[in-house]
Amino acid sequence: MSTPQLRPELVNGHSSAAKSHIQLHGMQEGVTGLIRTSLDAKEFAYCPYSKFRVGAAVLTRDGKVFTGCNVENACHNLGICAERIAISKAVSEGYRDFKAIAIASDLSDQFISPCGGCRQFMREFGARWDVYMSKPDGSYVETTVDALLPQSFGPEDLQMKKVQRIPNEF
Ligand code: THU
């Protein structure tokens with residue numbers, strides 16, 4: 001199994017050496033552009049084990065887009081989903097306020113649905129932002145993090161009132 005070559009020309013004409021985010025403008029603006037960008041990101045998927053390509057593009061509140069693809073590993077449980085890569089890229093560059101994420105796969109008859117772990121990962125950065133689950137033809141279903149993970153547990157819950165107890169009691 002060989003490591004696939006990167007194809008930077010597929011990412012909106014940006015070279016891989018360019019900055020890690022894309023600023024959407026003109027024709028690329030809006031939902032369609034975000035989905036197109038997630039479809040492009042899917043081309044970089046490293047998935048020699050599952051052969052299941054996933055791409056993601058997360059849009060920050062100030063209009064920056066960070067992409068991700070799934071990255072698998074010979075030690076299978078170390079694989080990382082596309083959504084988590086995209087979000088982690090954004091967070092690692094100082095962006096935590098998200099407006100939407102688009103997800104793409106090769107499934108022709110189904111809209112790609114994010115795994116449970118990715119839903120919780122999105123939830124860390126708020127429940128009220130949009131998720132676009134697409135098909136390769138660009139059609140999509142719009143939902144929210146809250147709808148995908150109702151009654152969720154988030155960072156705020158750690159601050160809620162707790163019973164007083166002596167550590168190591170019980
Ligand atoms: N995958 C994602 O990247 N995102 C999802 O939400 C669903 C699953 C990846 C993980 C693994 O590399 C492959 O798809 C098959 O599960």
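Predicted, not measured: the structure shown is a model, and the values here were computed from it. Every number for a ligand or one of its atoms is a count from 1 in the order of the listing.
Ser92 meets the side chain to side chain donor-acceptor pair (under 3.5 Å) test with no other residue; sequence neighbours excluded. The ring-ring contact (aromatic ring centres under 6.0 Å, His included) check on Tyr140 picks up Tyr132, with sequence neighbours excluded.
With hydrogens left out, the protein atom closest to atom 12 (O) of ligand 1 is Glu72 OE2, 2.5 Å, a heavy atom. Given atom 10 (C) of ligand 1, the protein heavy atom at minimum distance is Cys81 SG, 3.9 Å. With hydrogens left out, the protein atom closest to atom 3 (O) of ligand 1 is Ala82 N, 2.9 Å, a heavy atom. For atom 6 (O) of ligand 1, the nearest protein heavy atom (residue, atom name, distance) is Glu83 OE2, 2.6 Å. If you check which protein heavy atom lies closest to atom 9 (C) of ligand 1, you get Asn70 ND2, 3.6 Å.
Gln120 and Ser152 share no side-chain donor-acceptor pair at under 3.5 Å. Checked by atom type, the side-chain pair Ser113/Arg119 shows a donor-acceptor distance below 3.5 Å. Between the side chains of Ser139 and Asp137, at least one donor N or O sits under 3.5 Å from an acceptor N or O.
Taking distance alone, with nitrogen or oxygen atoms compared against 3.5 Å, Val54 stays at or beyond that limit from ligand 1.
Below 4.0 Å from some heavy atom of Ser50 lie the following atoms of ligand 1, by number and element: 13 (C), 15 (C). Close contacts of ligand 1 with Pro114, meaning ligand atoms under 4.0 Å from a residue heavy atom, involve 6 (O).
Salt bridge annotation for Lys99-Asp130: absent, with no cationic side-chain nitrogen under 4.0 angstrom from a carboxylate oxygen. Salt bridge status for Glu93 with Lys64: absent, with no side-chain N to carboxylate O gap under 4.0 Å.
Residue contacts with ligand 1: Cys47 is excluded, as none of its non-hydrogen atoms falls under 4.0 Å.
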